[in-house]
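Residue numbers run from 1 in the order of the sequence given. All ligand and atom numbering here is 1-based and tracks the order in the structure.
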Amino acid sequence: MLFPAEPFKIKVVEPIRKTTREERDRLIRQAGYNVFNLPAESIYIDLLTDSGTSAMSDNQWAGLMLGDESYAGSRNYYHFEQTVREIFGFRHVIPTHQGRMAENLLFSVAVKPGDYVPNNIHFDTTRANVEHKGGIAVDLVIDEGRDPYVEHPFKGNIDVQKLERFIEEVGPERVPLAMLTVTNNSGGGQPVSMENVRQTKRLLERYGIPLIIDACRFAENCYFIKEREPGYERKTVAEIARELFGYADGCTMSAKKDGLVNIGGFLALNNEEWAEKATQLLILVEGFPTYGGLAGRDLEAMARGLREVLDEDYLRFRIGQVRYLGQLLLEAGIPIVRPVGGHAVYIDAKAFLPHIPQAQFPGQALVVALYREYGIRAVEIGSLMFARRDPKTGQTIYPELELVRLAIPRRVYTTMHMNYVAESIIDLYRRRDQVRGLRIVYEAPVLRHFTARLEEVG
Ligand SMILES: *Cc1c(COP(=O)(O)O)cnc(C)c1O
């Protein structure tokens with residue numbers, strides 16, 4: 001198997017402990033069969049999320065020591081601002097403590113109650129922030145993007161015809177902006193093509209609607225463009241990024257992903273009026289414009305991370321590592337979402353555990369088994385997260401898919417760790433009939449998956 005070996009060596013190590021099955025059995029019961037309630041120290045391989053879990057480089061750690069903690073005008077802010085302008089090309093750069101604050105500022109200045117915001121698929125914080133301003137978040141990804149098994153190089157693309165019809169239907173005056181999420185996190189980390197960005201921009205321009213990119217995984221998306229889109233093979237990822245953002249009027253960014261930092265984000269805009277209003281709000285809720293919600297040292301680490309993430313040896317390894325895990329599972333006949341996206345592998349839990357009905361949370365049952373048997377933490381994206389009660393009939397409406405996401409932190413785990421994860425899942429697949437379903441014993445009224453408590457059935 002062709003897999004690019006790690007383009008780094010390890011200078012600092014953080015021990016991880018393998019607990020016994022007995023310990024894990026006790027801990028998962030105490031946690032109410034919810035892996036959000038587990039102490040992280042009891043986990044061997046943590047694939048809960050790729051957000052804020054990256055390993056920083058020696059260069060970034062060195063940058064922390066150069067933090068200038070002046071309240072106003074920190075040198076790290078200027079370095080950060082210049083870096084963002086160079087990579088993304090936008091005029092106004094507003095630092096925030098993470099992505100959702102950038103979203104909150106943007107929608108606070110741009111969205112009025114009753115407005116619509118189209119996107120390929122809104123990430124959950126993006127949708128929640130649109131709705132918080134009284135807006136309506138609309139997902140218009142291409143049909144292929146909703147089918148877990150159809151192969152398509154750019155399953156994150158927005159359906160431009162649907163977008164046009166939508167704008168005509170509601171009227172362009174009700175659409176203050178449109179978004180594209182790169183890569184499309186809620187659709188499995190699937191990329192958006194340059195052609196799709198270009199066509200989207202062309203359409204929006206006719207109506208005078210600005211295009212804002214949700215840029216969380218921009219480098220991973222641009223690497224896919226280089227790999228898959230004709231005409232981009234010889235361009236650098238930095239050149240591809242510059243072209244992509246050149247079609248946009250701004251971006252929101254969670255630097256906890258492709259900023260390679262543990263905390264940080266920003267809003268970048270060309271529109272002077274929006275930037276001014278967002279900055280006023282920033283001062284009210286985050287901090288002075290030259291630090292946002294961050295320390296000077298965080299800004300320095302973020303500036304350095306944004307450049308490192310464009311390193312193509314790094315990206316080849318990064319995308320390759322996720323794909324490698326996916327291929328090991330595919331070769332063993334494990335049902336996973338295809339093609340493998342940029343930051344995670346998704347297991348189809350309905351197909352993995354056909355004996356567990358949806359009412360007994362097959363995704364969560366798989367998550368529990370992966371922890372109890374092997375010390376691996378994954379996350380359910382299925383009924384525990386999304387099932388809801390029909391207010392009229394009282395019947396439960398289940399999501400179409402029961403997925404388990406294995407999100408890979410950046411530069412954290414080695415190839416041998418990936419082998420361990422694959423072998424564990426393959427081992428569990430062989431004796432999957434032993435996995436039991438779950439029922440809820442406690443749930444909160446909103447976002448129940450974070451705090452729910454469950455018990456095993458039978
Ligand atoms: C993580 C994420 C966000 C929100 O960022 P936070 O830093 O978690 O607030 C927004 N959009 C996408 C696509 C994301 O993956």
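- Taking the six-membered ring wherever Trp is involved, the centroid distance between the rings of Y71 and F288 falls below 6.0 Å.
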Please step through salt bridge (Lys or Arg N to Asp or Glu O under 4.0 Å) for the pair K112 and E173, ending with a clear verdict. CA-CA 11 Å; K112 295 186 304 300; E173 65 286 350; over 6 Å; no
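- Judged purely by atom type and a 3.5 angstrom limit, E229 uses its side chain to pair as donor or acceptor with the backbone of M194.
- At least one cation-pi condition fails for K350 and Y398: the charged atom is not both under 6.0 angstrom from the six-membered ring centre and inside a 45 degree cone around its axis.
- Closer than 4.0 angstrom to ligand 1 lie heavy atoms from Q98, G99, R100, E103, F123, T125, T126, T181, N185, D214, C216, R217, S254, K256, K257.
- For K235 and Y232, the positive end sits near the middle of the six-membered ring, less than 6.0 Å away and at most 45° from its axis.
- A salt bridge links D249 with K201; the closest basic N to acidic carboxylate O contact falls under 4.0 Å.
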